[in-house]
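Remember, it's 1-based here, ligands and their atoms both numbered in the order they're listed.
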Amino acid sequence: MNMQISTGKGIHPAICIAGKVILYTGAAGGLGTATTLSFLRAGAKVVAIDNNPEKVESLIAAAARENLQGLTVRALDLSDLKGLRVELDRVSAEVGGFDIVINNAAIYPSKNFEDYTIEEFQAVQCVNVDAGIVCVQAALSHMRAQGWGRIVNIASVTVYGGWSHLAPYVQSKGALVGLTRAWAREFGAYGVTVNAVSPGAFPTDAEKIHSDPESYTRFVLDHQAIKRRGDACDIANALTFLISDAAGFITGQTLNVDGGWVMH
Ligand SMILES: NC(=O)c1ccc[n+]([C@@H]2O[C@H](COP(=O)([O-])OP(=O)(O)OC[C@H]3O[C@@H](n4cnc5c(N)ncnc54)[C@H](O)[C@@H]3O)[C@@H](O)[C@H]2O)c1
């Protein structure tokens with residue numbers, strides 16, 4: 001995948017992330033792996049947090065195949081918030097602080113609302129939202145001191161309605177959209193922008209919760225204005241723009257990367 005973004009007159013010089021340190025949760029997942037590789041190709045350093053050993057191995061192997069430098073992996077469980085904080089402080093000291101945080105990890109149990117326990121709701125909030133709060137707290141003093149930072153929360157097309165049986169997940173994504181706005185308001189004075197990217201439907205593990213893949217693909221294409229399935233590259237391009245200097249006047253926004261599914 002070529003991460004160079006053409007403006008028609010060559011690469012826009014402001015779309016540059018070389019040398020930036022990105023704290024990226026869920027970085028070994030379906031969208032995370034491709035995006036991490038594209039960040040590394042663009043010369044960024046990525047601190048990848050993911051607790052799935054096979055996916056982590058495969059991310060490391062993919063980076064090694066291309067001889068990409070700058071990948072640090074921590075196989076941490078984000079639901080251990082205290083352990084996360086301790087480890088992030090340690091890694092932050094090693095890498096000289098996080099310039100960019102991308103809160104991307106998520107779990108997405110699916111069942112009837114009345115069958116969820118409150119503990120299951122809390123477990124989803126813990127990984128999808130609370131861990132992101134810890135990541136931002138671990139990064140903010142460095143961002144503030146240097147007067148520059150980027151935070152991107154990965155939301156979901158599901159916050160706009162259209163799916164049932166995902167109540168804790170949708171709740172968590174709604175919380176991330178709210179935090180995006182609250183953080184954007186509070187951190188703007190420090191030169192830190194905060195935005196959300198809301199993916200539509202991408203064919204990753206997240207889609208395996210749907211039992212009939214063919215009819216799900218039909219459903220997706222019916223709803224999208226653009227009649228192809230999304231690719232992780234589409235997310236990587238949006239993220240690269242939002243974390244670059246080129247997006248320095250954009251904050252508090254939710255960018256739907258969904259082939260024209262949601263248009264508001
Ligand atoms: N794929 C889609 O269609 C789609 C649609 C809308 C939103 N999203 C969002 O995009 C993001 C990435 O999704 P994806 O499709 O790559 O999913 P994915 O399941 O492939 O990736 C999520 C990653 O998070 C990691 N993770 C989960 N719990 C963790 C924990 N406790 N500690 C550490 N790591 C943990 C997983 O190991 C996995 O690698 C998620 O926030 C998801 O909600 C995806």
(message) side chain to side chain contact (heavy atoms under 4.5 Å, CB included), that's the test. Do L179 and V177 meet it? Break it down for me.
(response) CA-CA 5 Å; L179 280 171; V177 171; over 6 Å; no
(request) Assess R150 against W148: is NZ or CZ under 6.0 Å from the centre of the six-membered ring, and within 45 degrees of the ring's axis? (result) yes
(message) Test ring pair (Phe, Tyr, Trp, His ring centres under 6.0 Å) on W183 and Y190; report intermediate values, then the result.
(response) CA-CA 11 Å; W183 286 339; Y190 319 149; over 10 Å; no
Under 3.5 Å: N or O atoms of ligand 1 paired with protein N or O:
from     : atom 1 : to   : atom 2 : distance (Å)
ligand 1 : 1 (N)  : F202 : O      : 3.3
ligand 1 : 1 (N)  : T204 : OG1    : 3.0
ligand 1 : 3 (O)  : F202 : N      : 2.6
ligand 1 : 3 (O)  : F202 : O      : 3.1
ligand 1 : 15 (O) : T204 : OG1    : 2.5
ligand 1 : 16 (O) : G30  : N      : 3.2
ligand 1 : 16 (O) : L31  : N      : 2.8
ligand 1 : 19 (O) : Y108 : OH     : 2.4
ligand 1 : 20 (O) : G30  : N      : 2.8
ligand 1 : 31 (N) : D77  : OD1    : 2.9
ligand 1 : 32 (N) : L76  : O      : 3.4
ligand 1 : 32 (N) : L78  : N      : 2.9
ligand 1 : 34 (N) : N51  : N      : 3.3
ligand 1 : 34 (N) : N51  : OD1    : 3.3
ligand 1 : 37 (O) : D50  : OD1    : 2.6
ligand 1 : 39 (O) : G29  : N      : 3.2
ligand 1 : 39 (O) : D50  : OD1    : 3.3
ligand 1 : 39 (O) : D50  : OD2    : 2.6
ligand 1 : 41 (O) : N104 : O      : 2.6
ligand 1 : 41 (O) : K173 : NZ     : 2.7
ligand 1 : 43 (O) : Y169 : OH     : 2.5
ligand 1 : 43 (O) : K173 : NZ     : 3.1

(message) Classify the ring geometry of Y24 against F39: parallel below 30°, tilted from 30° to 60°, perpendicular beyond 60°.
(response) tilted
(request) Give me the ring orientation class for H210 and Y216: parallel if the planes are under 30° apart, tilted from 30 to 60°, perpendicular past 60°. (result) parallel
(message) Does R74, at its CZ atom, have more than 12 non-hydrogen atoms belonging to other residues, nucleotides or ligands within less than 6.0 Å?
(response) yes
